[in-house]
Amino acid sequence: MLDAGHSIRTRTCGSLAVDDVGSHVTLAGWVDSRRDHGGLIFVDLRDRSGIVQCTFDPAAAEAFETAERLRPEWVVELRGEVCRRPDGTENPEMATGQVEVEISLANVLNTAETPPFEVEDGIDTDETTRMRYRYIDIRRPEMLAALVMRDRITQLFRRALENRSFLEIETPILTKSTPEGARDFIVPSRMNPGRFYALPQSPQLFKQLLMVAGVERYYQMARCFRDEDLRADRQPEFTQVDIEMSFCTQEHVLSLVEEIVAEVMTGAGVEWPERISRVTHAEAMNRWGSDRPDVRFGMELHCLVDVFAASGFKVFADALASGRRIKGLNAKGCGDWSRSRIDALNQIVADAGAEGLAWIAFASTGEIRSPVAKFFSAEEMAGLREKVGAEDGDLVCIVAAEHDLANEALGVLRTHLGQEAGLVQGGFRPMWVVDFPLFEWVEDEQGWSSSHHPFSRPFDEHVELLEDDPGSVLSHSYDLVINGVEVGGGTLRIHDCAVQERVLAVLGIGGQEAREKFGFLLDALTYGAPPHGGIALGFDRLVMLLVGGDSIRDVIAFPKTSSGACPLTGAPDEVSVRQLKDVHLKLE
RNA sequence: GGGGGUGUAGCUCAGCUUGGUUAGAGCGCUGGCCUGUCAAGCCAGAGGUCGCGGGUUCGAGCCCCGUCACUCCCGCCA
């Protein structure tokens, strides 16, 4: 609760209650609304703590005349006596609805222009307008509540980490651009013509250096910068709870993070499971078609290769003959959907890269609709129904494609169906997805790239495969996924210089370039680097989940638009010729 | 870079299908009335570069082309 101390007020609006009846108070805040009955004026006064109704009677002439002039969002100091509201006029919708303050003295501290939108919850104003007038937007209780939640989570993390001997250490914002990963924001150096700093995509390398330095347990509420295209859950700058620890196994990291997150989430007042379930990356792909599955609903993927092993349906037979897979899912309760609604699903799997969708709709009347069922034998039909657990009223969707693609296409479809069919339930369903492949093949560049980052530690028994079979190397890696949102990711790190050089080499960063770009890390690894690992939690996303928002912009005080602009300040903006000259830049 | 959606009063939107008189509504705003409201009520009023530019047409908010902004998604985001 907001403290009234050290201010011109003696109490805050939201703190007033029946116990205060009879006391004389001085309040300060903004006029939330004014209701003028001619001979009696009501003013709802709002401060950070809440809203309380103030009454102005003509008997207090001076205050009454002031009240007649008041307008929404004017800033006022009001003095009066807390009174119980007359019988029948209490407002149960209001936290302070049992009382009101009879004002005897009103002092206008500032006037206000009519705001561009009303200060109330549940508004539907264009986000650009809200951002441009963010200082008004934040007066809305739900916006303020998001910032309050954000602060609370920050404090809970700090306390949880501090209690476990973690040191909060700041790392540079002006740092060095390194290859791989996201595009860097770059900052020209005035004192070093032609040279540039980069803003950190994350403090990854610095936290590893801190482990070499013997810090052993580090954390930071770290601001990170990535110059990539934005999304509802991606801003050009965002905050990570960055954590790193030494002398640990993957199990140590997971169990510790699990404790910390449980403390934070229960501290935030939500239901949180005692244990976070774990699945491997491969299992997640097979069961849900995603490396960040939303497990608030079922609809798991099923392998139908056995069911259709001897199928006379040419599409399936050809697929199996060429080594592709047949997988399907059961869209519970969608069996009575219209043909056009089902056809729309076809587009979804097509956009995901699959050739097409085979579907069988089991209407609740027992009728079966399907463009393909006529090609299935009775055994296949029975086998299919049994395998996916299809009952009357269900819709079975099948994709035949190369292994990974079948999973991914159905995964996209599953996510869509979960929302469309209203299967998604409330609450929080976290899970660990572990054992990601160390590398991913990038078709465009005909090369390997890291699935987490180049410093992830391969399984010891896979190190020998690095050069000959990079695709099958697994890493000590883990993503924390909550309700389908990737909230965090981490790995054990490579602490052996030779292994680090070999991994960089697979990524196409050979000897000379590795020295130039990562020499400082490689050097550090040779001076007694302890085994270490950690995680980075997407703080904005976590808070977004906690306030039930759709976008991390809702939990950032001053966010940017999807083109990276700030409607409030006008950033990014042009700079003077002089400024450009200072940093030795010429524009094209 | 690609695809979808949106852009009309301060805010939220209708009008666009099928071009045609003076572009409407709710909220907000301004003024008046009103002593128990809390979405106050009643009466009156002000308020428009129909995102911007070009084109078609006798005539464009509406049709066409371009462009900008916002937004969602794909690519991208170790």
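It should be emphasised that the depicted structure is a prediction, and the values quoted were computed from it without experimental measurement. Any value given below was found using the heavy atoms of this structure, including those in side chains, with hydrogens, waters and symmetry copies removed. Numbered from 1 within each chain, the chains take letters A, B, ... in sequence-line order.
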What does A/Glu486 touch in the nucleic acid at a heavy-atom separation under 4.0 angstrom: a base, only the sugar-phosphate, or nothing? nothing
Using a cut-off of 4.0 Å on non-hydrogen atoms, how would the nucleic acid contact of A/Arg183 be classed: base, sugar-phosphate, or nothing? nothing
Mark yes when over 12 heavy atoms from residues, nucleotides or ligands other than A/Arg515 sit less than 6.0 Å from its CZ; otherwise mark no. yes
Answer with base, sugar-phosphate or nothing: what part of the nucleic acid does A/Arg34 contact at a heavy-atom distance below 4.0 Å? nothing
Between the protein and nucleotides 42-47 of chain B, which nitrogen or oxygen pairs are less than 3.5 angstrom apart?
none

Out of B/rC38, B/rC77, B/rC76, minimum distance to the side chain of A/Ala182 belongs to B/rC77
Would you please name every residue forming a side chain to side chain donor-acceptor pair (under 3.5 Å) with A/Asp57, sequence neighbours left out? none
Can you confirm if the NZ or CZ of A/Arg414 lies within 45° of the ring axis of A/Phe297 and under 6.0 Å from the centre of its six-membered ring? yes
How long is the line joining CZ of A/Arg541 and C1' of B/rC77, in whole Å? 9 Å
Each nucleotide of nucleotides 3-8 of chain B classed B (base within 4.0 Å of a protein heavy atom), S (only sugar-phosphate) or -, in 5' to 3' order, makes ------
Name every residue in residues 343-356 of chain A that has at least one heavy atom under 4.0 Å from any atom of RNA chain B, in order of residue number, or write none if there are no such residues. none
Excluding sequence neighbours, so at least two apart, what forms ring pair (Phe, Tyr, Trp, His ring centres under 6.0 Å) with A/His403? none
So which of residues 200-209 of chain A are in contact with RNA chain B, with a heavy-atom cut-off of under 4.0 Å? A/Ser202, A/Gln204
Going by atom type alone, with no hydrogens or angles, which donor-acceptor pairs under 3.5 Å involve a side-chain atom of residues 343-351 of chain A and a protein atom two or more places apart or on another chain?
from	atom 1	to	atom 2	distance (Å)
A/Asp343	OD1	A/Arg339	NE	3.3
A/Asp343	OD2	A/Arg339	NE	3.3
A/Asn346	OD1	A/Leu357	N	3.2
A/Gln347	NE2	A/Asp351	OD1	2.9

Give A/Pro567 one of three labels, base, sugar-phosphate or nothing, depending on what nucleic acid heavy atoms sit under 4.0 Å from its own. nothing
Residues touching RNA chain B, which here means a heavy atom under 4.0 Å, drawn from residues 78-90 of chain A: A/Arg85, A/Pro86, A/Thr89, A/Glu90
Look at A/Arg553 and B/rC70 and indicate whether a side-chain polar atom (N or O) is within less than 4.0 Å of OP1 or OP2. no
Looking at A/Arg231 and B/rG75, is any side-chain donor or acceptor paired with a base atom of the opposite kind under 3.5 Å? yes
For RNA chain B, what residues of residues 112-126 of chain A have any heavy atom nearer than 4.0 Å? A/Thr114, A/Pro116, A/Glu118, A/Asp124, A/Thr125, A/Asp126
If the condition is salt bridge (Lys or Arg N to Asp or Glu O under 4.0 Å), which residues does A/Arg292 pass it with, not counting sequence neighbours? none
Ring pair (Phe, Tyr, Trp, His ring centres under 6.0 Å): pairs with one or both residues in residues 42-79 of chain A, sequence neighbours excluded: A/His37-A/Phe42
Does A/Ser562 reach a base, just sugar-phosphate, or nothing at all? Heavy atoms under 4.0 Å. base
Can you pull the ring pair (Phe, Tyr, Trp, His ring centres under 6.0 Å) pairs that have at least one residue in residues 476-508 of chain A, sequence neighbours excluded? A/Phe459-A/His476
Checking all strands, does A/Asp227 fall into the base, sugar-phosphate, or nothing category for heavy-atom contacts under 4.0 angstrom? nothing
